[in-house]
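On a predicted model such as this, the values are computed, not experimentally measured, just so you know.
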Amino acid sequence: MSKTLVIVESPAKAKTIEKILGKDFMVRASAGHVRDLPKKSLGVDVKNDFHPQYVVMEEKEKVVHGLKAAAKEAEEVYLAPDPDREGEAIAWHLATILQALKVPMRRIEFNEITREAVLRAVRNPRDIDMQRVNAQQARRVLDRLVGYKISPLLWAKVKRGLSAGRVQSVAVRIICDREAEIEAFVAQEYWTIEAELAKGKQPFVAELVRWKGVKPEISGAEKAQAITKDLEAASYSVAKVQTREQKRQPAAPFTTSTLQQEASRRFGFAVKRTMAIAQQLYEGLDLGSQGHVGLITYMRTDSVRIADEAYEESTAYIRERYGPDYLPPARRVYASRKGAQEAHEAIRPTSIHRTPDSLKDHLSAEQLKLYRVIWERFCASQMGNARLEVTTVDIAAAEGLLRATDTKVVFAGYQAAYQETAEEDAEPERQVKIPQLAEGESLNLKQILPKQHFTQPPPRFSEATLVKTLEELGVGRPSTYAPTIATIQDREYVEKDGKALKPTQLGRRVNDQLVRHFPDIVDTHFTSKMEQDLDEVEEGHRDWVTVLSGFYQPFMETLARAEQEMQAIAIPSGEACPTCGKQLLIKSGRFGDFLACEDYPTCKTTKPIVKKLGMKCLREGCEGEIIEKRTRTGKTFYGCNTWPACEWKSWGEPTPHKCPKCQTYMTRQRSKAKGRPFLLCANPECKNITNVPSAKKPLPGQELQEA
């Protein structure tokens, strides 16, 4: 008997869904996109309404062959990629590839991988939404035009191998602009003055907030000393005591952006890591007797909407666990940002009854951390306000007024489930415990505490604060934040200094050229407007070809000017030419960077850039150093700097670690699948593999040592 074929994106998701649907269905995975624009040509017919010339991706040919074979045996095909614009495009590509088989095909989508959601999707198939597809096509073509046209210019004028991107270049500009602000910042001195006071044996601290009737602006030590002297001689009395109730509302459940920010602040997760863990939770994990279960809803979303069934389930849970007092008087409705995809939901647990503690035996440490914060944030978002009692005491002293504030929690409300981590650049809340005071009451002065401060430059962006800024500016969408941040680091435009993102010299040079010659491409308002145009295409208000036409002609005019006006960047090496004594410049060639005389073509001296590994040659008795080299065809290898006297060489990057099994030196390698580093024994008969060791965890059975 023929079955219904369901095609999803992820193999992990396929495993979960196949168990849900049962024997009448076969589930296969496309492993993401199966068609794209060609790698070695533009692939866009700009004269024919920007018609994209898609090809099956080389690495997906076997996948496509398998999907065709499965579709031939099926009586019907359900296309079930992710529930977003990109997923809709993948469904369309699959339908285009399989249409020759004459098998009925419909689109299904689900926001969570649970039995109820998947079965509901199967009962309600629909046609492919071509408005969504065209919005994604417009994005892909737009990004191809920008990258394919600007990148060769950067290769010629700056360095080979560079790339420009519509969103990535804006992100680099934001980071470069912040760095320029930091460099231009001039610190200003200022002082604050506090008094340590006491009622009997109960001390507390109050800050000077008025001096001679105005807010004190104390710019130097001399003025601070004068005020301190007056305060030391003054008597202190309570001028006013005011107590008021303050309500604090819970934050909305997570979107992609807010989850990435919170995971960074709370756990130190990189944005890419957060999304990888969230993907695992969404696709489903083995929960023992419960089988494979999707634990959270779709994690690429900018909506804070909650489904009715999720609201009802959470309300019942909160009433049972915390009591009816912890429920708000009416259902909470959170406002999504303008342009959010309201067909989606916020990120939430698929069932609030799957508490983090009930899953701790089934999740890794990182999975549990992320699931816990998602679960707690969602639960708190449906709970009542926290109520605080805020007591403010004004204290008169000489010509000054000092103030102390004490905050007490009267009712925890949502804070019983979750407390949001403070923003990275936020001032910490000061906790002051004030004794019971009455107006007119005298206080004892223990000491005056003048403190010198200096204004601080704006902080560098972290991955979390960059995501927040991109979202606020409307640059990119939930699916683009993580790959954008990964790309600008992989391209070495930006590097990490601790958690901070800092532009490299290369990044600043590229940014300077783009700002000068392509101001629209790296303008946040222009990029945000383009995102709005793509949203309007999805909503059916704009035609995608019209959007591209409006961009393309001005862009090509700008490109033509840039090709004429952009000057090649000369990067000084700090090294003198051995032939004529002039400066050697760093230039880029077919096989990487090299040094060339600035007086070229009069002086044609060139030199390779020697990259030292900081290791002595591994040949016994040789005193040379190991350096990185290249063959005539550009392939990297490693050899001794005394060649040809010493002919030692290695195709793998040598390390100072010996193989625990055979004592041969280990080479550093990187996995093709996940890019993780590992060590491989250089002995072809051994081929032992180990993790890269650290000072805390050396290789098994030995201390770290030089080979």
Side-chain angles (χ1 to χ4, degrees), residues 6-20 27-33 80-84 86-87 90 109-115 117-118 253-264 266-301 310 344-378 463-464 467 478-483 485-486 671-676:
V6 179
I7 303 177
V8 297
E9 286 186 47
S10 158
K13 188 193 297 186
K15 185 177 180 181
T16 307
I17 293 172
E18 195 160 48
K19 290 188 176 182
I20 291 172
V27 185
R28 301 289 184 269
S30 70
H33 285 275
D82 289 343
D84 57 14
E86 194 167 4
I90 292 173
E109 64 175 2
F110 30 81
N111 193 52
E112 58 187 65
I113 305 176
T114 60
R115 181 176 181 80
V118 172
F254 284 126
T255 61
T256 302
S257 165
T258 54
L259 176 62
Q260 290 169 348
Q261 293 170 53
E262 183 71 352
S264 174
R266 191 173 290 229
F267 310 126
F269 287 172
V271 166
K272 186 177 180 180
R273 187 70 191 137
T274 298
M275 295 311 291
I277 300 167
Q279 182 87 28
Q280 295 162 8
L281 297 175
Y282 166 68
E283 290 178 347
L285 296 166
D286 190 351
L287 302 185
S289 60
Q290 298 180 55
H292 263 74
V293 178
L295 297 179
I296 65 170
T297 52
Y298 191 54
M299 67 287 161
R300 295 185 183 93
T301 177
H344 294 170
E345 282 191 67
I347 303 170
R348 61 167 176 81
T350 53
S351 173
I352 200 167
H353 294 293
R354 291 192 195 96
T355 63
D357 287 341
S358 71
L359 300 179
K360 60 184 179 183
D361 293 336
H362 304 287
L363 307 185
S364 70
E366 288 185 329
Q367 289 168 345
L368 184 59
K369 282 180 179 179
L370 198 66
Y371 181 76
R372 185 181 296 279
V373 79
I374 291 169
W375 187 95
E376 290 177 349
R377 173 84 162 228
F378 170 67
E463 289 193 2
V467 166
S479 62
T480 65
Y481 301 140
I485 291 173
S671 70
K672 293 181 179 179
K674 297 184 178 180
R676 293 176 181 169

- Query: So L295 and L363, side chain to side chain contact (heavy atoms under 4.5 Å, CB included) or not? Walk me through it.
  - Reply: CA-CA 11 Å; L295 297 179; L363 307 185; 3.8 Å; yes
- Message: If you count every heavy atom of other residues, nucleotides or ligands that lies below 6.0 Å from K19 atom NZ, does the total exceed 12?
- Response: yes
- Mark yes when over 12 heavy atoms from residues, nucleotides or ligands other than R266 sit less than 6.0 Å from its CZ; otherwise mark no. yes
Taking all heavy atoms of [X] and all of [Y], pick out the closest pair and write down the distance.
{"X": "A486", "Y": "K272", "answer": "CB-CD, 4.2 Å"}
{"X": "A80", "Y": "V6", "answer": "CB-CG1, 4.0 Å"}
{"X": "T258", "Y": "P253", "answer": "OG1-O, 4.5 Å"}
{"X": "W375", "Y": "I352", "answer": "NE1-O, 2.9 Å"}
{"X": "P11", "Y": "A29", "answer": "N-CB, 3.5 Å"}
{"X": "I20", "Y": "R115", "answer": "O-NH1, 3.3 Å"}

Do side-chain atoms of [X] reach the backbone of [Y] as a donor and acceptor pair under 3.5 angstrom?
{"X": "T256", "Y": "M299", "value": "yes"}
{"X": "E463", "Y": "A270", "value": "no"}
{"X": "Q261", "Y": "S257", "value": "yes"}
{"X": "T274", "Y": "Q260", "value": "no"}

Starting at [atom1] of [X], measure out to [atom2] of [Y] and round the result to the nearest 0.5 Å.
{"X": "R348", "Y": "N111", "atom1": "CZ", "atom2": "CG", "result": "7.0 Å"}
{"X": "R273", "Y": "E366", "atom1": "CZ", "atom2": "CD", "result": "4.0 Å"}
{"X": "H33", "Y": "E9", "atom1": "NE2", "atom2": "CD", "result": "7.0 Å"}
{"X": "Q290", "Y": "S358", "atom1": "CD", "atom2": "OG", "result": "7.5 Å"}
{"X": "S351", "Y": "I296", "atom1": "OG", "atom2": "CD1", "result": "14.0 Å"}
{"X": "I374", "Y": "T297", "atom1": "CD1", "atom2": "OG1", "result": "8.0 Å"}

Side-chain touch [X]/[Y], heavy atoms, less than 4.5 angstrom:
{"X": "R300", "Y": "S479", "value": "yes"}
{"X": "V27", "Y": "K15", "value": "no"}
{"X": "I90", "Y": "I7", "value": "no"}

- Item | Derivation and outcome, side-chain hydrogen bond (donor to acceptor under 3.5 Å, both in side chains), residues E112 and T350 | CA-CA 7 Å; E112 58 187 65; T350 53; 5.3 Å; no
- Task: Check step by step if side chain to side chain contact (heavy atoms under 4.5 Å, CB included) holds for I277 and K369.
- Result: CA-CA 10 Å; I277 300 167; K369 282 180 179 179; over 6 Å; no
- I would like to know whether Q367 and H362 meet side chain to side chain contact (heavy atoms under 4.5 Å, CB included); could you show each step before the answer? CA-CA 9 Å; Q367 289 168 345; H362 304 287; over 6 Å; no
- Item | Positive for ring pair (Phe, Tyr, Trp, His ring centres under 6.0 Å) with Y298, one of Y282, F110, F254 | Y282
- Run the side chain to side chain contact (heavy atoms under 4.5 Å, CB included) check on H292 and E18 step by step: do they pass? CA-CA 10 Å; H292 263 74; E18 195 160 48; over 6 Å; no
